[in-house]
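Structure record follows, encoded as structure tokens.
Values in this document were obtained by computation on a predicted structure and should not be read as measured data. Order of the sequence lines sets the chain letters (A, B, ...), proteins ahead of strands, with each chain counted from 1.
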Protein chains: 2
Amino acid sequence: MASPSTTTRVSRRKHRGVPIPATRYDQRLAKILSYATEVFCDKGYEGASMRDLSRASGMSLAGLYYYFESKERLLYLIQKHTFTTIVARLKARLEGVDNGEERIRIFILNHLEYFLANQAAMKVLSHEDEVLKNGFGSEVAALKREYYRICVGLLDHLKRQRSLQFTTRLAVLSLFGMMNWIYTWHNPRVDADAASIAREMGDVFLRGVICGAKARKS
Amino acid sequence: MASPSTTTRVSRRKHRGVPIPATRYDQRLAKILSYATEVFCDKGYEGASMRDLSRASGMSLAGLYYYFESKERLLYLIQKHTFTTIVARLKARLEGVDNGEERIRIFILNHLEYFLANQAAMKVLSHEDEVLKNGFGSEVAALKREYYRICVGLLDHLKRQRSLQFTTRLAVLSLFGMMNWIYTWHNPRVDADAASIAREMGDVFLRGVICGAKARKS
DNA sequence: GAGTTATTCGAACGTTCGTTAGAATTTATT
DNA sequence: AATAAATTCTAACGAACGTTCGAATAACTC
């Protein structure tokens, strides 16, 4: 009787041994989240209406609320899932790689690959950054901070290892800017794929940070 | 009798010789635009209501419409003014400077100085990029393209002059990313001023683009 | 196939939205 | 002071918003 959207749903069947990872409910919710990502991406969170999502997903307006309790929670679910996934992938890829420069290249490649493969979700993540309030917002903010700190760690390591001189915070945020801005311009029919872009952005950024010779005149 | 907001208002008194640059109307409109910039910056264009602006500006809801015909035109006016100003300043500053690297440094400094001095306006420009439709949108888009092309010109010149190898489009958009992303993180109590940031971002970017030695391994 | 639970729906709720009509008021001109 | 013009207001319009209620349907259990 109670709506499942009020509490976190269990994602495994109750009895009958074998745990099936995705219940019907979870699959349906995931589908809705993917439609919602598209809609939020196109019209922005505030600009998109629940009726837009209803139209896009083919489900009635009221029917949607069986799966989540509010539009805000919908955005939260999208952002949390996206961030969690990208952080998890990054950690897996970094495992076993020691070289400082290579680790930064992996960071860039992971970010851009995921960004371009899930452009809509990443745009929603980048663009709708400040709209979540209170509890929702702080949880996503914590994920973001963790991701940010990983990058700071990578750069600080390189900096110490090679006695470089740059402001870590500025370097990290510049790198994020380079990468995240991509959602405003990337056109798959014109621009290269993630690997190429990652390589060239990595070149520019790493040379810029490493190159000993000052590029300034006098 | 006719509302002045439907046509572009003349900004000079009609008779009595001396042209006074700012009429009462223009001053009032400018004031409203500045309040609107603040409100759009805080809550986003879609998230901000005309009632928010009414509250912020101290003018009645209907009173606002004496100065512009729609919320969309309000955003258009803000974006157009901001872009026009930053392009004009840039052109003035580039005048007489020949050195290719110095010209790019001027571009970066001009951008960041204006960005940090008018953070709200620039956030509205960066963040509310795709919301203007049809006529409004295309005019602002043309301004943006001009600004973009200037930067392409600067980088292409440097590239030819020094026989460098990079994708101009990617380099320009990376630079814009580095600079524009600043609206998501800059905190005047923590971060340096525009000149310092421009210098360090310029260092990273120019070294990255100029440095002959590949930073890649193997 | 009856009974129970899970899912979906049409219809509406109350609120807020952008915008406007028309009256009231202030300001400028004689 | 009288007149005209410019500016601002109160009050409302219809539309769209996020959300909810309770009934209707579908899926599953026995």
Side-chain angles (χ1 to χ4, degrees), chain A residues 1-7 9-16 20 22-32 35-36 39-40 43-77 131-133 136, chain B residues 1-7 9-16 20 22-32 35-36 39-40 43-77 131-133 136:
Chain A
M1 188 59 48
S3 166
S5 62
T6 50
T7 57
R9 203 57 184 326
V10 219
S11 50
R12 302 179 186 283
R13 293 250 169 84
K14 284 155 199 167
H15 55 122
R16 200 57 85 153
I20 295 163
T23 65
R24 186 182 135 81
Y25 175 91
D26 288 323
Q27 286 177 282
R28 209 89 181 75
L29 174 57
K31 200 85 179 141
I32 292 173
Y35 282 119
V39 173
F40 286 169
K43 319 186 93 178
Y45 173 76
E46 304 273 7
S49 72
M50 294 301 291
R51 283 159 182 86
D52 290 330
L53 175 57
S54 166
R55 212 171 299 119
S57 63
M59 178 171 277
S60 76
L61 189 56
L64 293 170
Y65 281 86
Y66 182 69
Y67 291 93
F68 46 88
E69 61 212 350
S70 70
K71 186 186 175 189
E72 194 182 8
R73 182 166 172 97
L74 197 53
L75 178 59
Y76 160 79
L77 288 174
V131 321
L132 289 179
K133 305 293 172 200
F136 285 150
Chain B
M1 186 63 45
S3 167
S5 62
T6 51
T7 59
R9 203 54 183 330
V10 220
S11 51
R12 302 177 187 286
R13 293 253 168 82
K14 284 154 199 170
H15 54 123
R16 202 57 87 152
I20 295 163
T23 64
R24 185 182 136 82
Y25 175 91
D26 289 322
Q27 286 177 281
R28 209 88 180 77
L29 174 56
K31 201 87 178 138
I32 291 173
Y35 282 119
V39 174
F40 286 167
K43 320 186 91 178
Y45 172 75
E46 305 273 7
S49 72
M50 295 301 292
R51 283 158 181 87
D52 290 330
L53 176 56
S54 166
R55 212 170 298 119
S57 64
M59 178 171 278
S60 76
L61 189 55
L64 294 169
Y65 281 86
Y66 181 69
Y67 290 94
F68 47 87
E69 59 211 351
S70 70
K71 186 186 175 188
E72 194 182 8
R73 183 169 171 94
L74 197 54
L75 178 59
Y76 160 78
L77 289 174
V131 320
L132 288 179
K133 303 296 171 196
F136 286 150

| About how many Å separate CE of A:Met50 and CG of A:Leu64, when rounded to the nearest 0.5 Å? | 5.0 Å

| task | Could you tell me the separation between the OH atom of A:Tyr65 and the P atom of C:dA12, rounded to a whole number of Å? | result | 19 Å

| task | Considering non-hydrogen atoms only, spot the tightest contact between A:Met59 and A:Ser54 and give its length. | result | O-OG, 2.7 Å

| note | B:Glu46 CD to C:dT16 C1', in whole Å, measures 14 Å

| Atom OH in B:Tyr66, atom CG in B:Leu29: separation rounded to 0.5 Å? | 11.5 Å

| Roughly how far, to the nearest 0.5 Å, is CZ of B:Arg28 from OG of B:Ser57? | 7.5 Å

| task | Nearest whole angstrom, please: distance from the P of C:dG18 to the CG of B:Leu53. | result | 10 Å

| request: Could you check how far CE of A:Met50 sits from C1' of C:dT15, rounded to whole Å? | output: 17 Å

| query | NZ of B:Lys71 versus C1' of D:dA16: gap in Å, rounded? | reply | 13 Å

| What residue among A:Leu53, A:Leu74, A:Val131 forms side-chain contact (heavy atoms from CB on, under 4.5 Å) with A:Phe40? | A:Leu74

| Student check: side-chain heavy atoms of B:Glu72 and B:Tyr45 closer than 4.5 Å | yes

| Whole angstrom value for the distance that separates C1' of C:dT7 from CG of A:Asp26 | 14 Å

Please write out the pairs of protein N or O atoms and N or O atoms of nucleotides 8-12 of chain D separated by less than 3.5 Å, giving the distance to one decimal.
{"residue": "D:dT8", "atom": "OP1", "partner": "B:Arg28", "partner atom": "NE", "Å": "3.1"}
{"residue": "D:dT8", "atom": "OP2", "partner": "B:Tyr67", "partner atom": "OH", "Å": "2.5"}
{"residue": "D:dC9", "atom": "OP2", "partner": "B:Ser60", "partner atom": "N", "Å": "2.6"}
{"residue": "D:dC9", "atom": "OP2", "partner": "B:Ser60", "partner atom": "OG", "Å": "2.9"}

| task | In whole angstrom, give the distance that lies between atom CG of A:Leu75 and atom P of D:dG18. | result | 13 Å

| query | Are any of B:Ser49's side-chain N or O atoms less than 4.0 Å away from OP1 or OP2 of C:dC17? | reply | yes

| query | A:Ile32 CD1 to C:dT8 C1': how many Å, rounded? | reply | 11 Å

